[in-house]
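Read through the structure below, which is laid out as structure tokens, and then see the notes.
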Amino acid sequence: MMKKVVIIGGGYAGIYALRELVKNKNIKITLIDKHTYHNLQPEVYDLIANKSNFADVTIDLTTLCMGFNHNYLEFKNLKVRKIDQAAKKIYTEEQEIVEFDYLIMAAGTRTFFPPSIPGLNNADDIKKLHRAITFKQSFEQQLFEKIKNESKQCADTRIVVVGAGLSGVEIAAEMAYYSNKFFERGNFSCDNLKISLISSSVAILPGLSRQLVNISQERLKSLGINIITNTKLVKVEDGFCYFSNGTKINHSFVIFTGGVEASTITSELDDVEKNGRGQIVVNEYLQTDKYENIFAIGDIAEIRNRNGEIMPPNVTIARISGTDAGKNVLNMIAGKSMVKSNPKLDGILIALGGKYAAGDIFGLLTVKGRIAYEIKKYVFSSYRKPLLKLIKIGYNKLKRL
């Protein structure tokens with residue numbers, strides 16, 4: 001009987017797993033996602049800053065799956081409601097039941113909004129594409145209103161970015177660069193957008209090298225961003241953000257890029273081990289502790305290297321874990337030995353507004369400026385280009401049906 005493999009989640013990790021699984025033409029593969037597109041999340045900041053459009057930051061999952069040379073691959077746009085591990089069945093909101101022999105969990109994470117901070121639920125979560133587009137529209141509408149009324153009044157537009165990790169730093173930099181160019185290009189007099197970046201740590205970009213932190217901090221300050229460190233957000237209300245140091249900042253928009261937690265779908269695997277953020281704890285083969293036929297990859301999993309260090313949630317770890325899980329499922333089906341996953345970071349690249357970036361390459365070389373930007377652009381292109389070829393093939397197939 002043909003083996004059934006199901007992937008839940010069409011993000012980076014899920015796509016990398018899929019690219020391995022399609023090498024076996026004699027298995028049935030089902031990709032499930034509640035969205036119809038793969039969101040290229042690290043590039044969404046370019047969308048907000050008008051450097052790209054919706055088509056540039058998404059990959060259509062229907063045409064992607066049609067583009068692979070595999071007769072038993074299908075994409076299902078479904079919302080998972082229940083996973084019955086014993087019966088090997090997935091129940092969905094749409095009343096469709098999907099059966100599996102092997103399951104790969106790749107549903108990712110979402111921004112964690114601490115309930116202990118009153119009013120935070122009104123903040124913008126730009127990691128979700130639809131929320132990012134809504135924020136972009138609201139921001140541009142406010143710019144329009146500011147220009148329309150500039151002869152009468154010129155009120156400040158204040159953006160408070162809470163969280164100074166990679167996401168917070170990149171969105172603050174892109175917004176500042178975009179707005180500076182906007183006012184410069186139009187020679188508008190009402191040029192008073194103010195951006196504050198709040199870090200609860202003693203510095204921005206906690207965990208990164210001192211050199212990268214210094215480069216990033218210098219760039220942010222040159223863009224006019226107010227950096228506030230060692231300060232926690234206490235509450236959001238009445239157009240103000242209140243902080244642990246007793247200060248408050250007026251805001252037009254609050255963007256929260258604090259911690260993350262696993263997708264709520266992990267609660268359906270109620271008897272497998274999870275960490276405090278809801279991520280599924282996996283072994284060196286990326287399997288859950290209770291079920292050898294259920295794997296977890298990417299941001300939804302707590303993945304360690306061979307030194308026992310927990311790997312950060314990023315595209316590199318998604319690529320490695322997705323590829324390794326795909327290989328291990330195929331090895332299990334073929335009765336072969338599985339491979340141990342030993343994820344390593346290739347380095348890190350930080351977009352810092354316009355054609356400027358900073359990065360650490362394999363821990364050996366620090367780059368900044370235009371060269372770092374071009375490297376980052378190349379890395380993104382090398383991932384996206386093969387997928388674009390596949391969706392073009394899939395699109396042409398659909399047109400012939």
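Numbers here are sequence positions counted from 1.
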Report yes or no: does Glu94 contribute a side-chain atom to a donor-acceptor pair with the main-chain N or O of Lys79 at less than 3.5 Å? yes
Please tabulate, for the side chains in residues 336-365, all donor-acceptor contacts under 3.5 angstrom to protein atoms that are two or more places apart in sequence or on a different chain.
unit_1	atom_1	unit_2	atom_2	d
Ser341	OG	Asp324	OD2	2.7
Asn342	OD1	Arg306	N	3.0
Asp346	OD2	Arg319	NH2	2.7
Asp360	OD1	Gly363	N	2.8

Quick note, salt bridge (Lys or Arg N to Asp or Glu O under 4.0 Å) partners involving residues 283-302, not counting sequence neighbours, are Glu302-Arg304
When you look at OH of Tyr378, are more than 12 heavy atoms from neighbouring residues, nucleotides or ligands closer to it than 6.0 Å? no
Can you confirm whether the side chains of Gln85 and Asp271 place a donor and an acceptor under 3.5 Å from each other? yes
Where at least one partner belongs to residues 224-237, residue pairs that pass salt bridge (Lys or Arg N to Asp or Glu O under 4.0 Å), sequence neighbours excluded: Lys235-Glu237
Considering only NZ, NE, NH1 and NH2 on the basic side and carboxylate oxygens on the acidic side, decide whether Glu20 and Lys327 come within less than 4.0 Å. no
Hey, is Glu218 close enough to Lys221 for a salt bridge, meaning N to O under 4.0 Å? no
Is there a ring pair (Phe, Tyr, Trp, His ring centres under 6.0 Å) between Phe295 and Tyr102 once you walk through the steps? CA-CA 8 Å; Phe295 296 74; Tyr102 299 90; 7.4 Å; no
Report, as yes or no, whether the 6.0 Å neighbourhood of atom NZ on Lys3 holds more than 12 heavy atoms from other residues, nucleotides or ligands. no
Going by the angle between their ring planes, with limits at 30° and 60°, are Tyr383 and Tyr16 parallel, tilted or perpendicular? tilted
Distance-only polar pair, side chains of Asn214 and Arg210, donor-acceptor under 3.5 Å: yes
